[in-house]
Amino acid sequence: MTDNTTAIPRPEYPRPQFRRDDWVNLNGTWGFEIDRSDTGLERGLRDSALSGQIVVPFAPESTLSGIGDLDFYNAVWYRRSLHVPAEWEGSRVMLHFGAVDHDATVWVNGDEVGRHRGGFSSFSFDVTDSVLFGAEVPLVVRARDEPHAPQARGKQSRTYTPTGAHYWRTTGIWQTVWIERVPETSIRRPRITPNVAAGSFDVEVPLSGISQGARLMVAVSDAEGEVSRAEVRADLDLAPRVTLPLPEGRQRLWSTSDPFLYDVRFELRGSDGSLLDAVDSYAGLRSVSITGKAIRLNGEVVFQKLVLDQGYYPEGLMTAPSDADLIRDIELSLAAGFNGARLHQKVFEERFLYHADRMGYLVWGEFGDWGCNSREGEASNQQPDASFIQEWLEVVERDYSHPSIIGWCPMNETWQAYGDRITVLDDVMRGMFLATKALDTSRPVLDTSGYAHRVPESDVFDSHQYEQEPQLLAEHFARLSEGDPFVNPSPTTGESWSIPYAGQPFFVSEFGGIWWNAAEAQQAESSGWGYGERVRNIDEFYTRFEGQVAVLMDHPDMFGYCYTQLTDVFQEQNGLYNFDRSDKFDIDRIRAAQDRPAAIEQKYAERDE
C-alpha cells in the first residue's frame, strides 16, 4: 500500500465503497493564482510558476485554504509537481477529482488530459501517457466559474455578500485530489443492487476492456467469513453480471436500527489465474417500496424524520474541515431525534455517504440545481441546460450502491409558472427524472422538491410550507387524505405551479425554519433571518417546534417531513445548532418531540396485522 501518512489535509481515502491499495493523496500546498478576467491561458499561466499558494482541497474563498478572498473570480489556476512511483510503470495512472467548481481543464506535463463541466460531480482522467514514472512532471488545473451566468451552483450567491438563503461562493477544487494505480484491464465502478425478496445481491461490474480467458470473482463476507461467492467469464460482456445468494442464516438486513454492512471483494483474474485487478467494497441488504401513501424500508413503514442539511462549515464553506466533522453532523442529527436528512442543494462528498451507510442514516440524494434562474419572469425564468442532466447522471452513477440513499431528488424549488407552452425547465426536469429511473429502478424519484412539479410519473409528491402557527399548518394539509394537499403557488398570482397531485406518497419536504438567536433575542433588529416572526423567547421556540412536529407526525397520510435546518448557516438563524455546531437548544427536548411512532406507521401496522 502506498504511504499516505504524511500530514496533509483530508488524508483519508475519499472513495470507501470502491477501494484499491495503491494511491497517492495530492491534497496539500499547491501553487495558485486568481485569474479574474480569465486571460491566464493567453498570459502563459499554464506553463509558468504561479504567484501564490493554496491549501487543497479547500476553496480560495475559505479561510482553511489560506486565502479567504471572497470576491468574484472568472477563473483560478493551480499548479504542483506530480510524482508517480516508479513501481507503477506498466499500469495505468488515473487522476481523480472529488469535485471542481465549475469548468475544469487539466494539463499534465503540458498535455491537456481532460475537461469536465459541473461543480458537484466527481471525475477522473487517465494520465498514463503524460507522466514519467519515478520522476516529477507539472500538474496544472484551470477552473472557470462565471459568477452570474445560469449554471448549477446550489446555494452560492450571485451577489457579493450572502443574502436570503444564498451563501459565500466556492470556486475551483473543493474535494480531495488523488492518483491511483490501475491495471491495464481493470474493474470500473460496480453497481450493487440489494434483492431482499430473493435474499441476494445482484451485481453489475463494468470493465475497462477484455482480456481473453479472464474471469471475474465476487465474494460477500461478514464477520464470520465468506457468505457467498460467484464467478463468471469476464471476456464476453462489457459489464459481467452475477447474483450472490445469501444463506438464510447469514441474511442480515440493513436498517436505521441495525445498519449492517457486508464486505464485498471483486477480483479480476487472467486465463492463467493471475490477479489482474482487485477492488474492495461493501453493501447493505435493504429494500425500498411503496404501499399507498407509505414508503417502506424492508417491508416496514418507517416515518422519515429528516432534517435539512446544507453541508456548510464556517472555515471550509462546502468542504468539511475533517472527516470527523462529517461524522459529527450525523451524530448531531441523530441526537436531535432525526433518522435522516435531505442533503440540500449540494452533492455531498462520498465519505459522508459512507458514514451514513454505517450509522443507519437515511438520506435523499439531491443536486445543487439552483443558479439557473435568469430572472426573466415566471413563465421562462428557469434556464437549466444539458449539463444538468450530464452532471446529475455522474452523481447517480457514483452513489448508486450506497444503502443509506432512500430516494433521489434532481431539482429543488423550481420557480416557474405552469403555462400553455413546454419550457426548457419542463424538458430538463423530465430528462433528469427519466435518466434517474433508467439508472436506478430500486429507489423512488421525486421530480423536484417543492414548487413546480411537472412529471406525472413522479414516485413522490411534496410541498414546502413554512407556516409557523401549528393550527394553520394543519389546515394546509387537512385535505391531503382527499387528494387535495397544499401545493406551492405563485407568489404573484396565487395559482399552482404544478401539475395536479396524483395520490403519491406525500411529505412536507421543508417546514419549520424557526428563527431564534439567543444573542439577539432582546434586540429590535437582527443581523440574520429565519422563517416567520422571530420567537420572543426560547420557550416559545419549543412550543412552536413541538406543535409543528406533532401536526405532521399525527397525519395518517404523511410519510415523513424535513425540518429546516440542522445548523445556522451564515445569516440564517434557523438551525437547531449554531453554525459552529455548538448547542443552541435542549436537544433532549427536541428529540423527545419526535421520539414516538407516527400516525402512518400505526395505520399501516394495523393493516399489516
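Side chains included, hydrogens not; waters and symmetry mates left out as well; all remaining heavy atoms used. Numbering starts at 1 and runs along the sequence shown. Remember, it's a predicted structure, so these values are computed and weren't measured experimentally.
Rounded to the nearest 0.5 angstrom, L50 CG and R79 CZ are separated by 6.5 Å. Distance check, rounded to the nearest 0.5 Å: CG of L434 to CG of L439 gives 11.5 Å.
Taking 4.0 Å as the cut-off between side-chain N and carboxylate O, D568 and K584 count as a salt-bridged pair. A salt bridge is absent between D447 and R454; no separation between the charged side-chain nitrogens and carboxylate oxygens falls under 4.0 Å. Between R169 and D145, none of the side-chain N atoms (NZ, or NE/NH1/NH2) sits under 4.0 Å from a carboxylate O, so this pair counts as no salt bridge.
Under the 3.5 Å distance criterion, with hydrogens and angles disregarded, a donor-acceptor pair is assigned to the side chains of Y313 and D329. Of the N and O atoms on the side chains of D440 and W408, at least one donor lies less than 3.5 Å from an acceptor on the other residue. Side chains of N373 and Q383: a donor-acceptor N/O pair is absent below 3.5 angstrom, by distance only. Looking at E315 and T63, their side chains never bring a donor and an acceptor atom within 3.5 Å of each other. A donor atom on one side chain and an acceptor atom on the other are not found under 3.5 Å apart for S130 and N109. A donor-acceptor pair shorter than 3.5 Å can be found between the side chains of Q156 and D101. Side chains of Q416 and T423: a donor-acceptor N/O pair is present below 3.5 angstrom, by distance only. A donor-acceptor pair shorter than 3.5 Å can be found between the side chains of N25 and N27. In this model, no donor atom of one side chain and acceptor atom of the other lie less than 3.5 Å apart for Q565 and H344.
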Q: Check the pair Y312, T567 against side-chain hydrogen bond (donor to acceptor under 3.5 Å, both in side chains), reporting the backbone distance first and the verdict last.
A: CA-CA 9 Å; Y312 271 76; T567 73; over 6 Å; no
**Q.** Trace of the side chain to side chain contact (heavy atoms under 4.5 Å, CB included) decision for M432 with D369
**A.** CA-CA 11 Å; M432 295 179 84; D369 70 299; 5.7 Å; no
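For residues 108-122, every residue pair satisfying the salt bridge (charged side-chain N to carboxylate O under 4.0 Å, His left out) rule, not counting sequence neighbours, is listed here: D103-R117, E112-R115. Residues in residues 46-69 take part in these salt bridge (charged side-chain N to carboxylate O under 4.0 Å, His left out) pairs, two or more places apart or across chains: R36-D69.
Looking at every heavy atom in both residues, A234 comes nearest to I210 through O-CD1, 3.7 Å. Annotation for I330 and A356: closest pair CD1-N, 3.6 Å, computed over non-hydrogen atoms.
D277 pairs in a side-chain contact (heavy atoms from CB on, under 4.5 Å) with only one of the listed residues (R20, E184, R188, E267), which is R20.
Geometrically, R342 does not engage W364 in a cation-pi contact defined by less than 6.0 Å to the ring centre and at most 45° from the axis. For R15 and Y13, the positive end is not near the middle of the six-membered ring at less than 6.0 Å and at most 45° from its axis.
Side-chain contact between F18 and E350 is absent, with no heavy-atom pair separated by less than 4.5 Å.
Between H96 and W23, the gap from one ring centroid to the other reaches at least 6.0 Å. Outside the 6.0 Å centre-distance limit, the rings of F125 and H116 are not counted as a close aromatic pair.
Using a distance-only test at 3.5 Å, with no hydrogens or angles considered, no donor-acceptor pair links the side chain of Y167 to the main chain of V569.
Taking the six-membered ring for Trp and thresholds of 30 and 60 degrees, W107 and W77 have nearly parallel ring planes, at less than 30 degrees apart.
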